[in-house]
Amino acid sequence: MTLALGCIADDYTGASDLANTLTRCGLRTVQTIGVPTEDFPLPEVDAVVVSLKSRSVAATDAVTASRAAGHWLRGRGAAHVLFKVCSTFDSTDAGNIGPVMDALQADSGDAIVLVTPAFPGTARTVYQGNLFVGAVPLNESPLKDHPLNPMHDANLVRVLGRQSRSRIGLVDLATVARGTETIRERLAKLAGEGMRAAIIDAVFDADLETIGQAALDHRLSVGASGLGLGLARGLVASGKARGEGVATDSAQREVGGATACLAGSCSQATLEQIADAERTMPVLRLDPERVIAGRQEVDRAVRWARELLPAGPVLIASSATADQVAAVQSRHGREAAGHAIEQAMAAIAEALVEAGVRRLVVAGGETSGAAVDRLGLPGFLVGPEIAPGVPVLRAVGGRHGDMLLALKSGNFGGPAFFNDALALMR
Ligand code: ADP
C-alpha cells in the first residue's frame, strides 16, 4: 500500500479534527493513537493521521516521537508528511513546533518548509505572518490565558524563530494570490537567502488550496487542519487520491451502552457548554484542590456517576474560570496542577468504561489525550461531524469492543455541544 498523505499530529483532538477534515475532502482516513506497531492492520486508505501527545512534553521527547511517526509513515510509502500543529500555534519558546520541524526537515531532506496554522473555517487566518483568532490577533484572544501555552505574540515569524534553529521567512498574501508558481519562485528565493522555513499567509480556503499544491512539491509541511484541507484537495485534483471518502455503513452501527461526558478544558466555550448541559443532565463539578490532594475525589466522582448512569448521561467537570485556574496554579505550579487533573480525569474515564460506558465525550485536548491513553485504544474510524472539526470516532481494535468517542478541543463546538454529541452517538 502507498499512502498519499501521512500526518503527525501533536495532540489527539487536533488529530481527530484533521482526520475529519481529510475525510470530508474525500480521503479515506485512519487515525492511530501513538505510533502504530509494525503489524498494525492498516486498511486500504489514502491518509493516516498518527496522533501523538507531544504538544506540551519536553522538546526532546516530542522530537523522538515525531521522528518515529515519520519513519512509520514513510515506511508505508507516504510521499508527503504534514506535521499538524494547533491552529492557534500553541507552543512556548522552548518548543515544541520549532524543534520537531527542524528534526523532521533533516529527515526529509527538504531545503525549505512551508508553515501555516491558518484554518479559515474556524476563523484562524494569517496575514503578514500574524495569526488572527476571529477579529483579534492571537495575543489578544483567550489564548493569552491558556493554562499550558499562553500565547503573547501574534507574529509567527518571530514565534517560530525563537523555537527553531532555522531562519524563518515570510510568503505574504500578495504572493499567494498570484498562484502556485509565484509561491514556488518566492520559496526558491528565500531558500537561496538561507531561510529553511517560511510562514505563509492564508485568509480564505482558496489560499490553502494554492498553498497545498505548492506544498506537495516538498516532502514535509507544517500546519493545522486548514493546510490538511489544501493538501487533500491538491491530492484529489492531481489524481493521487480518488476522493471517495470512507464507507460509513459500519460507522453507523449502534453501540448502545451507558453515556458519560468529561470536561477538563477551561476555555470560555467549554464553560458555556457545561452550563448548558446542566439544564439536561446531572453535572458534578470536581474540587481541583481535592483532585490534586489524592484519589478520593476521583472515587467520589465514580460513585456518583455509577449511581446515575442507568438513568441517562452524566457530566463530570474539573473546568474552572481563568481566575480560579490561576489560583490553583499559583499554589501547585502550572504543569503539576494540569498533569494531576488530567490524570484524575483519565482515571475517571477508565472507571466509567469499566462500569459499562460505551459512549464517551471528552472536552479538552490534553484531557482527551490522557483519557484515550488510559483506555489503550489503538485507532479510530472517522464518523459523522458533531460540530465543525469534531467527528464521532469509532474505536478500532480496543479491548472494550465497540465504543464511540467524541474528543473536543476546548474552543470547539456550539453552546449545546454535549447534547449535540449525544444525539449522534447511538
Ligand atoms: P483545551 O483544549 O481547552 O486547551 P486541555 O485539556 O488541553 O483543554 O487543557 C486544559 C488544562 O487545564 C489541562 O492540563 C487540565 O488538567 C487543566 N485544568 C483543568 N481544570 C483545571 C482547574 N480547575 N485548575 C487548573 N487547571 C485545570
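Heavy-atom basis, side chains included; hydrogens, waters and symmetry copies ignored. In listed order, ligands and their atoms are each counted from 1.
Annotation: the span from S319 atom OG to M345 atom CE amounts to 6.5 Å, rounded to 0.5 Å.
Considering T367, D17, D373 in turn, D373 is the only one that fulfils the side-chain hydrogen bond (donor to acceptor under 3.5 Å, both in side chains) rule with Y12. Among L405, V372, T13, L407, the single residue meeting the side-chain contact (heavy atoms from CB on, under 4.5 Å) criterion with V362 is L407.
In this structure, A263 and T270 approach most closely via the heavy-atom pair CB-CG2, 4.1 Å. Of all the heavy atoms in S166 and I168, the pair that sits closest is O-CD1, 3.6 Å.
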Tabulated below should be the N or O atoms of ligand 1 paired with protein N or O atoms at under 3.5 Å; can you produce that?
from     : atom 1 : to   : atom 2 : distance (Å)
ligand 1 : 2 (O)  : G365 : N      : 2.9
ligand 1 : 2 (O)  : G410 : N      : 2.8
ligand 1 : 3 (O)  : S265 : OG     : 2.7
ligand 1 : 4 (O)  : H146 : NE2    : 2.7
ligand 1 : 6 (O)  : E366 : N      : 3.4
ligand 1 : 6 (O)  : T367 : N      : 3.1
ligand 1 : 6 (O)  : T367 : OG1    : 2.7
ligand 1 : 7 (O)  : G365 : N      : 3.2
ligand 1 : 7 (O)  : E366 : N      : 2.7
ligand 1 : 14 (O) : E342 : OE2    : 2.5
ligand 1 : 16 (O) : G338 : O      : 2.9
ligand 1 : 16 (O) : E342 : N      : 3.4
ligand 1 : 20 (N) : S318 : O      : 3.4
ligand 1 : 20 (N) : S318 : OG     : 3.0
ligand 1 : 23 (N) : S318 : O      : 3.0

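Note that R76 lies in the cation-pi zone of W72, set by a 6.0 Å cut-off to the ring centre and a 45° limit from the axis.
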